[in-house]
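Beneath this line is the structure, given in structure tokens, with notes to follow.
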Amino acid sequence: MALLPIVVAPDPRLKARAVPVEKVDHDIVRLMDDMLETMYAAPGVGLAAPQVGVLKRIIVIDAADRGEPPAPLRMANPEIIWASEETAPYEEGCLSLPDHYELVDRPARVRVRYLDHQNEVRELEADGLLAVVVQHEIDHLEGTLFVDHISSLKRNMILRKLTKSKKNGTLEAEYVPATRKDKD
């Protein structure tokens, strides 16, 4: 497995629509595993392929609580097939918008259909943090960032700060998370 560089906004790759995966084969599984390693090292709870510069409809998630064993999900071609009318606000952040967080209101529960790492069609019903992460990562596949769900004033402030940080050299256009060994 390998750590992948994470693309930082604003970057046109984060606004592009990802293409479907024809089949989950060995190369796709390797990408999913590399994405999981990258997500854990960042650290994060979700990562979409466009965030590592790959415009394919692939996401990985692990929304397990601290102290619980890891519960990684690998999803290709995820699609929300049902969403509750009830919504819930959640403070979201993103590995591609480091150190920025805002409240986003999303459906409280969703059902998603996807191909797993064995190329099997699966369905998952999610609520709480898992529902938020699933929706957030699927948004990435459509070229939508969590800041696209907040006011244009707040969104523009965040994107200007990120642009300024890139120009000043205090933030890279892409970064590779340190491994856990590197952090010790």
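Quick note: residue numbers are just sequence positions, from 1.
Asn119 contributes no side-chain N or O that, together with a main-chain N or O of Lys23, makes up a donor-acceptor pair within less than 3.5 Å. With hydrogens and angles ignored, the 3.5 Å screen pairs a side-chain donor or acceptor of Asn77 with a backbone N or O of Val21. A donor-acceptor pair is defined here as one N or O able to donate and one able to accept, closer than 3.5 Å; no such pair exists between the side chain of Glu123 and the backbone of Arg111. Judged by distance alone, with hydrogens and angles left aside, the side-chain atoms of Lys166 form no donor-acceptor pair with the main-chain N or O of Leu171 at under 3.5 Å. No donor-acceptor pair under 3.5 Å is formed between the side chain of Thr87 and the backbone N or O of Asp105. Under a 3.5 Å cut-off, the side chain of Ser96 and the backbone N or O of Gln51 do not form any donor-acceptor pair. Looking only at distances, a side-chain donor or acceptor of Asp148 sits under 3.5 Å from a matching main-chain atom of Leu145. No donor-acceptor distance shorter than 3.5 angstrom exists from the side chain of Asp127 to the backbone of Arg109, with no hydrogens or angles considered.
For the salt bridge (Lys or Arg N to Asp or Glu O under 4.0 Å) test, residues two or more places apart in sequence or in another chain that qualify with Asp33 are Arg74. Contacts of Arg13 classified as salt bridge (Lys or Arg N to Asp or Glu O under 4.0 Å), with partners at least two apart in sequence or in another chain: Asp11, Glu174. Here Tyr101 pairs with Glu91 under the side-chain contact (heavy atoms from CB on, under 4.5 Å) rule; sequence neighbours left out. Remark: Arg160 pairs with no residue by the salt bridge (Lys or Arg N to Asp or Glu O under 4.0 Å) rule, at least two apart or across chains.
In the hydrophobic clustering of ILVMFWY residues, with side-chain heavy atoms under 4.5 Å counting as a link, Leu162 and Val147 come out together. By the rule that hydrophobic residues join a cluster once side-chain heavy atoms approach within less than 4.5 Å of another member, Val60 and Val110 end up as members of separate clusters. A continuous path of ILVMFWY side-chain contacts below 4.5 Å connects Ile59 to Leu73, so both sit in one hydrophobic cluster. Criterion: ILVMFWY side-chain heavy atoms under 4.5 Å apart, direct or through other members. Under it, Leu14 and Leu47 are part of a common hydrophobic cluster. Taking hydrophobic clusters as Ile, Leu, Val, Met, Phe, Trp and Tyr residues chained together by side-chain heavy-atom distances below 4.5 Å, Ile150 does not share a cluster with Tyr90.
Residues Leu115 and Ile28 form no side-chain contact, since every pair of their non-hydrogen atoms from C-beta on lies 4.5 Å or further apart.
Annotation: Lys164, atom NZ; neighbour count of heavy atoms from other residues, nucleotides and ligands within 6.0 Å does not exceed 12. Around atom CD of Glu85, no more than 12 heavy atoms belonging to other residues, nucleotides or ligands sit under 6.0 Å away. Dense packing is recorded around CD of Glu79, with more than 12 heavy atoms of other residues, nucleotides or ligands lying under 6.0 Å away.
Applying the salt bridge (Lys or Arg N to Asp or Glu O under 4.0 Å) rule to pairs touching residues 42-62 yields Arg57-Glu142, sequence neighbours excluded. Identified under the salt bridge (Lys or Arg N to Asp or Glu O under 4.0 Å) test for residues 129-140, with sequence neighbours left out: Arg106-Asp139.
Heavy atoms only, all atoms of each residue included: Leu97 and Ala9 are closest at CG-CB, 4.0 Å. Residue Met35 comes nearest to Ile58 through the heavy atom pair CE-O, 3.8 Å, listed as atom of the first residue, atom of the second, then distance. Looking at every heavy atom in both residues, Leu141 comes nearest to Pro50 through CD2-CD, 3.7 Å.
Atoms CG and CZ, on Asp25 and Arg30 in that order, are 11.0 Å from each other to the nearest 0.5 Å. Rounded to the nearest 0.5 Å, atoms CG (Leu103) and CZ (Phe146) are 10.5 Å apart. For the atom pair Glu102 CD and Cys94 SG, the distance stands at 13.0 Å (nearest 0.5 Å).
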